[in-house]
Number of protein chains: 2
Amino acid sequence: MAPKTAPDASRRSERSRRAIFDAALALVGEVGYTRLTVEGIAARAGVGKQTIYRWWPSKAAVLLDAFTDGVDDYGAGLPDTGDLEADLKHVLRATADEFNDPAFQAPYRALAAAGAGDEELSRTYVSRLLEPGIAVYVNRLRAAQEAGQMDPDADPRIAAELLLSPFSQRWLMRTGELTHAYTDTLVDLVMRAVRPPE
Amino acid sequence: MAPKTAPDASRRSERSRRAIFDAALALVGEVGYTRLTVEGIAARAGVGKQTIYRWWPSKAAVLLDAFTDGVDDYGAGLPDTGDLEADLKHVLRATADEFNDPAFQAPYRALAAAGAGDEELSRTYVSRLLEPGIAVYVNRLRAAQEAGQMDPDADPRIAAELLLSPFSQRWLMRTGELTHAYTDTLVDLVMRAVRPPE
DNA sequence: CCATGAAGACGATACGTCTCGCCTCATGCG
DNA sequence: CGCATGAGGCGAGACGTATCGTCTTCATGG
């Protein structure tokens, strides 16, 4: 028995693909993730439901693709002026601004929530969105270690999590505001934790 | 217009209440949160659907009550042997064991995910589960400050988050194992961050 | 000319409301 | 005191709606 003939990607309609992404992002912002439906996306995008089900297994997958389609470029990584503390403060402030942007919030929060609840989806979420975001910090910290600005015995990965997790947790659970004062405090604490021994 | 007569709590069936909690916790472990249904809980508990809808607005609310009904006692707080580092390591190891328990995982993860996605629910989740858990650490850190074992200028609340967020984030997104070695490393890092200046 | 696309019919679930009798109380009358 | 009465929660499940994911039809365009 044939394993369900795969669709021919070369014949795929780019127009429909974009329309589906636009509709998904617009709708999740308007009605939230739980009331986001595949039927709603199809209607808004002006495509048949089958066109969505042909290419994606779930609304979460559509949203993940729609979201990464716009953001999937983490560029050249963090700036490296030679001053670790200043670089971290600068970038974390910018990240806070981004997370405070409503257009960014709705889909990202929806994906984080769906990822927390669904083990399969979480793998994709983690590898496509979470890990690349952490990796740029890990790289910057490694550079700092080589420059002698950070304890060579500290694990850059764990240090990056020490900095980013309180930030994301606070945002995800809405337990506090992401102000520049807060992110600066976070950087100060982490700097004390990973400072090289004298 | 009358505001929808509230049910009479004094006539409530304790038997049904317990049966609903048991059914909800069992089912969320068997089929997961998304496939958990109010109909399923009612059937398993041997109660009518209306009995659930009379007392709770959603399956999330049922699960939250079911979960806190068993766990809502945070006792006397953290141990205080006078050695902050040892106390934190001890408790965080125990917490890791708890979070590695499958019976604990399913409902707690479901609630965290639902809380992340739903603003209204997140308030209840945060105040009923998250905040009390953080508060006991904050109290212990305050005691340490008074004992001169922690920088008096550090904010105990932010320090507690610095310790707990990487832990919960790692668990929630399944980005790594919660081993004793990991929790000890976390405590070491946080201790360096909040150590009193000499 | 044939796979993809738009449209929507279709059966299956689960939703949340509702309507039944049934049972258990508190109240009040004989 | 003792038994009728009535209010209200309870188990059960029918009901209409919404959305699911599949399937069918016809048109289109590469």
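Reminder, nothing fancy here: chain letters follow the sequence lines and each chain counts from 1.
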Pick base, sugar-phosphate or nothing for Gly46(B), based on heavy-atom distances below 4.0 Å to the nucleic acid. sugar-phosphate

Where along nucleotides 24-30 of chain D does protein come under 4.0 Å, by heavy atom, of base (B) or sugar-phosphate alone (S), with - for untouched nucleotides? -----BB

Applying salt bridge (charged side-chain N to carboxylate O under 4.0 Å, His left out), name anything that partners Arg54(A), two or more places apart in sequence or on another chain. none

When rounded to the nearest 0.5 Å, the distance separating CG of Asp69(A) from CZ of Arg17(A) is 4.5 Å

Does Lys49(A) make a side-chain donor-acceptor contact with the base of dG8(C), cut-off 3.5 Å? no

What integer distance in Å separates Arg15(A):CZ from dT4(C):P? 19 Å

Tell me whether the OP1 or OP2 atom of [N] has a side-chain N or O from [X] closer than 4.0 Å.
X        : N      : result
Arg12(A) : dT4(C) : no
Ser16(A) : dA6(C) : yes
Trp55(A) : dG5(C) : yes
Thr51(A) : dA6(C) : yes

Among [options], the one nearest [X] by side-chain distance:
X        : options                  : result
Tyr53(B) : dC15(C), dA6(C), dG9(D)  : dC15(C)
Glu39(B) : dG5(C), dC20(D), dC15(C) : dC15(C)
Arg54(B) : dG8(D), dC10(D), dC15(C) : dC10(D)

Step by step, work out the side-chain contact (heavy atoms from CB on, under 4.5 Å) result for Leu129(B) and Tyr108(B). CA-CA 9 Å; Leu129(B) 283 177; Tyr108(B) 196 80; 3.8 Å; yes

Assess the pair Phe104(A) and Phe67(A): is the distance between their ring centroids shorter than 6.0 Å? yes

Please walk me through it: do Trp171(A) and Tyr182(A) pass ring-ring contact (aromatic ring centres under 6.0 Å, His included)? CA-CA 12 Å; Trp171(A) 174 78; Tyr182(A) 171 68; over 10 Å; no

Is there a ring-ring contact (aromatic ring centres under 6.0 Å, His included) between Trp55(A) and Phe21(A) once you walk through the steps? CA-CA 12 Å; Trp55(A) 301 107; Phe21(A) 286 168; over 10 Å; no

On DNA chain D, compare the nucleotides closest to Ala45(B) and Gly40(A); which residue's is nearer the 5' end? Ala45(B)

